[in-house]
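Since the model is a prediction, treat every value here as computed from it, not as a measurement. Note on naming: letters A, B, ... go to the chains in the order of the sequence lines (proteins, then strands), and numbering restarts at 1 for each one. All values below come from the heavy atoms of this structure, side chains included, with hydrogens, waters and symmetry mates left out.
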Amino acid sequence: MPKRMTRYLITSALPYINGVKHLGNLVGSLLPADVFARFCRARGFETLALCATDEHGSTTELAAAEAGRDVRAFCDEQYALQKAAGDGFGLSWDHFGRSSNAPNIALTQHFARLLWRNGHLDVRTTKQVYSNADKRFLSDRYVVGTCPHCGYERARGDQCENCTRVLDPVDLINPRSAISGSPDIEIRDSTHLFLKQSTFVPQLRAWIDSHERDWPVLVTSIARKWLDEGLQDRGITRDVEWGVPVPDDIADGQLKGKVFYVWFDAPIEYIGCAQEWAEANGKGDAWRDWWIGPKSKDVVYCEFMGKDNIPFHTVGFPVTVMGARPQEDWKLVDRLKGFNYINFDGGKFSTSSKRGVFMDAALEILPADYWRYYLMANAPESSDSNFTWEHFAGQVNKDLADVLGNFVNRVTKFCGARFEGKVPSEGEYGDEEKALIEELDKRVGEYTQLFEAMEFRKALAELRAIFVTGNEYLTRAAPWTHVKTDRARAGAAVRMGLNLVHLFAHLAWPVIPTSARRIHQAIQDAPEVIPWPDEAMGDFLDDLEYGMAIGVPEVLFAKITDEQIADWRARFGGGG
RNA sequence: GGCAGCGUAGCUCAGUGGUAGAGCAGGGGAAUCAUAAUCCCUUGGUCGGGGGUUCAAAUCCCUCCGCUGCUACCA
């Protein structure tokens, strides 16, 4: 595989540390980033795929407190769980880091100093709610009280869940701490740093406009909405303990004891994670070449995220990067792929109310590839999509078990029964094969383009169509008929069938890596990265050595039964 | 309330000005190598309602209805 000039830097939105993620989080960022990273590697591009846990903020502090744990220990434990779940799903990160690790802390402080020096930060005094009972400042959502609009008694300080109105904690009637329930709260002045985002609007708008064509409408429309509504300066520090400390040399130490807002430091971990990767792999300063300096010019930086993350990646983080100029010219995102949500039987997946299927539980009931295929085939690209057990089972059974799995099985078994389990050397390709090759040249080209365009749903529809093409061919070639009268003709068909199996393993690898490997190994050993077929189909489909012994894989995809669906529906909820 | 997206066959979705599409499900047939798996043919939609622009509208404009999301201190 030739090395190519372009390098791909790929990040998925950082999963928050607070618990194993559900399928919605998986399909919106982690999984498409992995599929795309595998696709890039398969094509021979140098690729760096990074992800990390996003650990800071009051939510983690309070979750740890509730669990009676030290915050760091709590995060250590949660990090291990998320890492294991990601590994289980075959998420092939080059590094899975942590926003609380040293590189991110140093980089976050470094960026803040640059922004301060460049005049992009203001010191402002704000009114914050302080709880005497809890001995801490409360973020808006941790103040509860009666909604002044609808009278709901458990409204949160940021928004009333009942009438959905946006609130300010001072509006609440009978306000109290959501942590202790204590009404002993007061308003105190607190000094914070504000990032002067408003001065970046023209620059941001020009940048977003320049991506009119290569970003999804979802992304540009959300980004523009923020600019059109009048971008406000954003407070980037908080009165909590668990975070990156604000250095004393900013604003003469006025921010002593405060930390940066989690949304300020989390995106910087994309860079910090590259440094963690370099440190873990003895790469020295190589991480910088992905992010800054002349060598980074060859890098295409791709970000994957759910729509809730889009403002922070089209406005917040870009302002941080732009504000570090002209001294330092860090990369801005080139390709930003945003996703809608996947619903669970018509309702939301919810971490807090444990609704839906979570990554660890998903792997307990089925291998990762079932999920990977289904989720990518139904990726919520144009609108929210909906998960039901019945739809899931129907699609997996049909596409993976019947169309792909059975094809591999029928070809390899027939070869074993009639051609001694060896690639037949008799016969030559004729018109039938020529037509097949022509069609596959077209389809594989289309499939490649769809992946390049990150049109995952359509790409998987094309992949399925390619599998179907194999079945169609086999029906027309009918080696089971010809073997009785014309062994050469049957041999050529079986040889083509085996070459198709081989092709399918290569094409499917980014999506279903484990199964693709099993399929490939039935034919011959598979390399770690199964390369993309760049050659013309006429060559690829006559590539297997004549006479080479092949095997029959064990059942590749066992079908999901009605009983299983009933069990899972009882366990997880969700209709069908 | 404001803003955005969506509403197309029973289901999941393509299609953004030129005779309504795919997969699944349903119906009929072929084949019997195979995880009863495959292949071929086929039923099915006044493209949410109404109005307008146009030779021509699922597609553009207006309006109404419905669903979803976002609304900056959850991340």
Q: Could you check how far CG of Leu62(A) sits from P of A75(B), rounded to whole Å?
A: 11 Å
Q: Quickly work out the Asn386(A) CG to U68(B) P distance and round it to whole Å.
A: 12 Å
Q: When we call it a touch if two heavy atoms are under 4.0 Å apart, what does Arg156(A) touch: a base, just sugar-phosphate, or nothing?
A: nothing
Q: Could you work out the separation of U38(B) and U32(B) based on their C1' atoms and round it to a whole Å?
A: 10 Å
Q: Assign Asn378(A) to base, sugar-phosphate, or nothing according to its heavy-atom contacts below 4.0 angstrom with the strands shown.
A: sugar-phosphate
Q: Over how many whole Å does the gap from Tyr261(A) atom OH to A72(B) atom P extend?
A: 10 Å
Q: Are there more than 12 heavy atoms of other residues, nucleotides or ligands under 6.0 Å from atom CD of Glu554(A)?
A: no
Q: Remember a base hit wins even if backbone is also touched, and classify Ser385(A) as base, sugar-phosphate or nothing at under 4.0 Å, heavy atoms.
A: sugar-phosphate
Q: Expressed in whole Å, how much space separates the C1' atoms belonging to U54(B) and U12(B)?
A: 34 Å
Q: For the CZ atom on Arg418(A), are there more than 12 heavy atoms of other groups (residues, nucleotides or ligands in this structure) within a distance under 6.0 Å?
A: no
Q: What distance, rounded to whole Å, do you find between the two P atoms, one in C65(B) and one in G49(B)?
A: 15 Å
Q: With a 3.5 Å limit on both atom pairs, tell me what G2(B) is paired to, counting Watson-Crick and G-U wobble, or say none.
A: C70(B)
Q: Taking 4.0 Å as the cut-off, does a side-chain nitrogen or oxygen of Arg476(A) come that near to OP1 or OP2 on A31(B)?
A: no
Q: Name the closest nucleotide to the Arg234(A) side chain, picking from A75(B), A72(B), U12(B).
A: A72(B)
Q: Between Asp134(A) and Ser177(A), is there a side-chain donor-acceptor contact under 3.5 Å, judged purely by atom types and distance?
A: yes
Q: What integer number of Å spans the C1' atoms of A22(B) and G2(B)?
A: 38 Å
Q: Going 5' to 3' through nucleotides 33-38 of chain B, assign each nucleotide B (protein heavy atom under 4.0 Å from a base atom), S (under 4.0 Å only from sugar-phosphate atoms) or - (no protein heavy atom that close).
A: BBB-BS
Q: Using the C1' atom as the reference point in each nucleotide, state the distance between U53(B) and A75(B) in Å, no decimals.
A: 46 Å
Q: Does C39(B) have a Watson-Crick or wobble mate here (both distances under 3.5 Å), and if so which one?
A: G29(B)
Q: Have His56(A) and Tyr16(A) got a donor and an acceptor in their side chains that come within less than 3.5 Å?
A: no
Q: When all nucleic acid strands are considered with a 4.0 Å heavy-atom cut-off, which category describes Tyr341(A): base, sugar-phosphate, or nothing?
A: sugar-phosphate
Q: For Gly230(A), report the nucleic acid contact type (base, sugar-phosphate, nothing); a contact means any heavy atom under 4.0 Å.
A: base
Q: Less than 4.0 angstrom from a charged side-chain N to a carboxylate O is my criterion; do Arg98(A) and Asp54(A) meet it?
A: no
Q: Any strand is fair game: report the nucleotide pairing with G7(B) by Watson-Crick or G-U wobble, both distances under 3.5 Å, or none.
A: C65(B)
Q: Identify whether the distance between the nearest side-chain nitrogen and carboxylate oxygen of Asp239(A) and Lys258(A) falls below 4.0 Å.
A: yes
Q: Side chains of Asp214(A) and His211(A): donor-acceptor distance under 3.5 Å anywhere?
A: yes
Q: Does a sphere of radius 6.0 Å around CZ in Arg489(A) hold more than 12 heavy atoms from other residues, nucleotides or ligands, not counting ones at 6.0 Å or beyond?
A: no
Q: Using a 4.0 Å heavy-atom cut-off, does Gln395(A) contact any base of the nucleic acid, only the sugar-phosphate backbone, or nothing at all?
A: nothing
Q: Indicate, with a heavy-atom threshold strictly under 4.0 Å, whether Leu231(A) touches base, sugar-phosphate, or nothing.
A: base
Q: Would you kindly give the CG-to-C1' distance between Asp265(A) and A75(B), to the nearest whole Å?
A: 12 Å
Q: Applying the Watson-Crick and G-U wobble criteria at under 3.5 Å, what pairs with U46(B)? Answer none if nothing qualifies.
A: none
Q: Using the P atoms only, state how far C61(B) lies from G21(B), rounded to an integer number of Å.
A: 25 Å
Q: If the C1' atom of G18(B) is compared with that of A30(B), how far apart are they to the nearest Å?
A: 38 Å
Q: Quickly work out the Gln232(A) CD to C73(B) P distance and round it to whole Å.
A: 8 Å
Q: Verify whether one side chain among Glu433(A) and Tyr473(A) offers a donor that lies under 3.5 Å from an acceptor in the other.
A: yes
Q: What is the distance from CD of Glu381(A) to P of C6(B), rounded to the nearest Å?
A: 14 Å
Q: For the pair made of CG in Asn309(A) and C1' in G69(B), what is the distance, rounded to whole Å?
A: 14 Å
Q: Measuring only the C1' atom in each nucleotide, how far is G45(B) from G15(B)? A whole number of Å is fine.
A: 14 Å
